[in-house]
Amino acid sequence: MSKPTPISGFPEWTPAQRMIEQFVLDRIRGTFELYGFAPLETRSVEPLDQLLRKGETSKEVYVLRRLQADLDPAGDDALGLHFDLTVPFARYVLENAGKLQFPFRRYQIQKVWRGERPQEGRYREFLQADIDIVDRDTLPAHYEAEMPLVIGDALRSLPIPPVRIQVNNRKICEGFYRGIGLTDPEAALRAVDKLDKIGPARVAELLAETAGASEAQAKACLALAEISAPDASFADAVRALGVSDPLLDEGIAELSAVVETAAAHSPGLCVADLRIARGLDYYTGTVYETQMIGYERFGSICSGGRYDNLASSGNVRFPGVGISIGVTRLLGLLFGAGALSVSRDVPTCVLVAVTNEEERAASNAVAEALRSRGIPTEVSPSAAKFGKQIRYAERRGIPYVWFPGAEGDAVKDIRSGEQVAAAAGEWTPPRADLKPLVGLAGA
RNA sequence: GUGGCUGUAGCUCAGUUGGCAGAGCACCGGGUUGUGGUCCCGGUUGUCGUGGGUUCAAUUCCCAUCAGUCACCCCA
């Protein structure tokens with residue numbers, strides 16, 4: 001059989017990287033629960049028509065079918081792997097509305113799949129950590145202000161570079177575009193979104209070509225997109241452009257509240273940035289994007305927004321707001337940069353040496369005593385020379401080697417070389433050594 | 001999904017104008033009859049991404065394919 005090869009866009013980590021990922025997931029989950037979000041997991045597949053309901057056919061959805069299924073693999077009843085966690089969640093809410101308490105706060109940490117061409121930080125199978133709040137009929141705007149707080153706390157608890165959450169409100173863009181007489185706000189948004197990459201001159205050209213903007217309209221769009229402020233002062237800058245529209249006013253008020261709330265909680269975390277406006281097309285209000293400082297060129301590691309029309313049945317609506325951490329992208333980028341480290345490759349804290357195979361039982365007894373007190377322990381694979389057994393531990397980063405002895409046991413910290421007499425029923429490693437230490441390399 | 005660039009040991013890379021493939025680090029053994037990391041000596045590492053074609057001969061040329069990466073698209 002020939003050597004197996006990777007599948008494009010389906011990353012697999014090493015055990016050390018997986019330990020970092022689990023550490024990160026634990027922290028994220030901890031923060032989500034600290035804010036009272038309840039756990040939820042939905043199935044991996046949704047009916048295809050549900051998945052394609054909102055977007056154009058451009059959504060690269062993977063279809064699921066049996067090997068020997070009949071023809072028509074993409075019929076109305078076909079199943080597709082979900083490409084985000086919000087659409088399945090909206091479906092879940094509709095399906096279980098009778099059992100849920102509203103407003104409903106939930107988090108969901110699961111794989112999602114998108115059939116796009118992969119590159120660094122972009123995958124076809126990746127992990128998202130998502131929070132959403134939905135309510136029945138109406139959703140108070142203060143929830144839009146809560147999202148950055150949760151995310152700010154969650155990301156701050158991770159061994160990653162500092163982040164900046166950029167916030168905008170689609171009502172501002174749509175209201176403004178309407179106010180100046182633009183007819184295709186979607187196209188205008190797409191053009192404006194490229195501002196960082198291609199510069200104002202070419203964005204103006206794009207606006208003219210794809211959104212039918214006049215020179216004055218293009219200029220106004222650019223002026224709006226260039227507004228950015230860490231506080232509500234962005235509102236003055238918008239008003240100074242002299243456009244008026246009811247939707248625009250609504251958006252300004254909502255965005256002001258979001259930015260002010262964030263500033264009170266953690267100054268510098270959030271910035272009103274009127275050029276960011278894209279993301280999934282079901283957003284109707286606040287939208288969020290998050291960059292790691294120093295890694296801006298890799299795009300957003302955490303995005304979301306408010307959606308008013310995703311879940312409705314009959315005359316009941318469930319507006320919501322949510323945001324999602326791109327865990328795989330976050331980690332993929334930092335792994336690629338060699339920016340994350342773990343103190344060891346295995347959970348093991350203590351390696352119990354084996355004096356000779358006849359006495360392996362004694363080593364097993366030591367290991368059991370340590371494990372019973374919560375100390376991750378493994379027994380040496382062979383009764384090789386102690387030098388080799390120590391090296392076995394060293395290669396994996398296991399900090400302690402335990403030597404059983406007729407005259408009493410001893411435990412050695414192989415990092416310092418310090419060795420002390422010890423009893424398996426009593427000895428405890430320093431708290432910091434109990435679990436692998438995850439950190440930002442060089443920090 | 002479209003187009004560009006790349007693909008040699010576990011890692012970082014050299015190399016062959018087509019003639020049985022190299023370095024450093026890593027790894028293994030010994031120096032050290034049981035306590036590693038430094039040092040010294042020795043050793044192994046590979047279908048030269050995969051498949052096909054041209055040729056007496058291909059890792060080197062050609063085609064396809066897969067993977068990585070970049071741009072578009074889209075977005076975590």
Side-chain angles (χ1 to χ4, degrees), chain A residues 1-12 14 28 55-62 82-86 109-130 151 155 163 186 189-190 193-194 197-198 206 210 276-283 287-292 295 297-305 322-333 336 338 351 353-356 359 380 382-405 410-419:
Chain A
M1 198 171 87
S2 60
K3 197 173 169 181
T5 53
I7 297 176
S8 186
F10 290 74
E12 294 181 311
T14 62
I28 290 173
E56 315 299 311
T57 48
S58 66
K59 289 269 165 48
E60 306 267 4
V61 173
Y62 281 107
H82 57 226
F83 62 86
D84 73 357
L85 299 177
T86 308
I109 301 175
Q110 285 179 244
K111 291 272 177 69
V112 305
W113 295 269
R114 292 182 194 175
E116 291 177 22
R117 182 80 115 227
Q119 43 188 268
E120 188 167 27
R122 314 187 51 179
Y123 307 99
R124 293 169 141 164
E125 177 182 68
F126 58 97
L127 200 55
Q128 286 195 322
D130 192 291
I151 293 304
L155 295 180
V163 302
E186 304 282 322
L189 281 181
R190 266 199 297 281
D193 186 71
K194 298 190 197 304
K197 263 187 181 168
I198 64 177
L206 259 184
T210 64
I276 75 115
R278 286 210 304 149
L280 298 164
D281 51 14
Y282 46 67
Y283 297 135
V287 289
Y288 316 92
E289 264 188 30
T290 310
Q291 318 230 297
M292 264 190 296
Y295 294 79
R297 79 178 193 86
F298 292 110
S300 175
I301 53 137
C302 177
S303 307
I323 186 164
S324 194
I325 301 174
V327 178
T328 307
R329 167 175 290 181
L330 176 68
L331 292 175
L333 296 176
L351 176 76
V354 175
T355 310
N356 58 61
E359 289 170 71
S380 180
S382 76
K385 288 184 184 179
F386 283 165
K388 284 201 181 177
Q389 299 193 44
I390 290 171
R391 199 155 63 187
Y392 175 95
E394 192 207 356
R395 291 283 136 81
R396 284 150 239 262
I398 298 170
Y400 295 97
V401 176
W402 191 284
F403 299 100
V411 64
K412 176 181 183 125
D413 181 336
I414 65 174
R415 296 159 302 185
S416 64
E418 189 189 353
Q419 183 167 329

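Convention: sequence-line order gives letters A, B, ...; per-chain numbering from 1.
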Open item on the list: For A:Ile198, is the CD1 atom crowded, meaning more than 12 foreign heavy atoms sit under 6.0 Å from it?
Closed with: yes
- [ ] Quick one: label A:Gly299 by what it contacts on the DNA or RNA (base, sugar-phosphate, nothing), any heavy atom closer than 4.0 Å.
- [x] nothing
Open item on the list: Check this one for me: any side-chain N or O of A:Gln119 less than 4.0 Å away from OP1 or OP2 of B:C70?
Closed with: yes
Open item on the list: Looking at A:Arg395, I'd like to know whether one of its side-chain N or O atoms comes within less than 4.0 Å of OP1 or OP2 on B:C27.
Closed with: yes
Open item on the list: Please tell me whether A:Glu289 and A:Ser303 have a donor and an acceptor in their side chains that are separated by less than 3.5 angstrom.
Closed with: no
Open item on the list: Run the side-chain contact (heavy atoms from CB on, under 4.5 Å) test on A:Val163 and A:Ile301 for me, step by step, so that the C-alpha distance in whole Å, both residues' side-chain angles and the decisive distance to 0.1 Å come before the verdict.
Closed with: CA-CA 9 Å; A:Val163 302; A:Ile301 53 137; 4.3 Å; yes
Task: Base-paired stems that RNA chain B participates in, counting runs of 3 or more Watson-Crick or G-U pairs under 3.5 Å - done: B:1-7 with B:66-72, B:10-13 with B:22-25, B:27-31 with B:39-43, B:49-53 with B:61-65
- [ ] Sticking with atom P, work out how far B:G51 lies from B:G42, rounded to a whole angstrom.
- [x] 37 Å
- [ ] Return the nearest nucleotide to the side chain of A:Asn356; candidates are B:C75, B:G34, B:A71.
- [x] B:G34
- [ ] Look at all strands and tell whether A:Gly115 reaches a base, only sugar-phosphate, or nothing, counting heavy atoms closer than 4.0 Å.
- [x] nothing
Open item on the list: I'd like to know if A:Glu116 pairs up with A:Arg122 as an ion pair, taking the criterion as any Lys NZ or Arg NE/NH1/NH2 lying under 4.0 Å from an Asp or Glu carboxylate oxygen.
Closed with: yes
Open item on the list: Looking at B:A71, I'd like to know if its phosphate oxygens (OP1 or OP2) sit under 4.0 Å from a side-chain N or O belonging to A:Lys197.
Closed with: no
Open item on the list: Is it the case that the ring center of A:Phe403 lies less than 6.0 angstrom away from the ring center of A:Phe386?
Closed with: yes
Open item on the list: Does A:Ala353 reach a base, just sugar-phosphate, or nothing at all? Heavy atoms under 4.0 Å.
Closed with: nothing
- [ ] Report yes if a side-chain nitrogen or oxygen of A:Ser8 is closer than 4.0 Å to either non-bridging phosphate oxygen (OP1 or OP2) of B:C66; otherwise report no.
- [x] no
TODO: Walk me through it: do A:Val401 and A:Gln389 pass the test side-chain contact (heavy atoms from CB on, under 4.5 Å)?
DONE: CA-CA 8 Å; A:Val401 176; A:Gln389 299 193 44; 5.6 Å; no
Task: Members of residues 122-129 of chain A that approach RNA chain B, where some heavy atom sits under 4.0 Å away - done: A:Arg122, A:Tyr123, A:Phe126, A:Gln128
- [ ] Would you tell me if any nitrogen or oxygen in the side chain of A:Gln389 comes within less than 4.0 Å of OP1 or OP2 on B:U35?
- [x] no
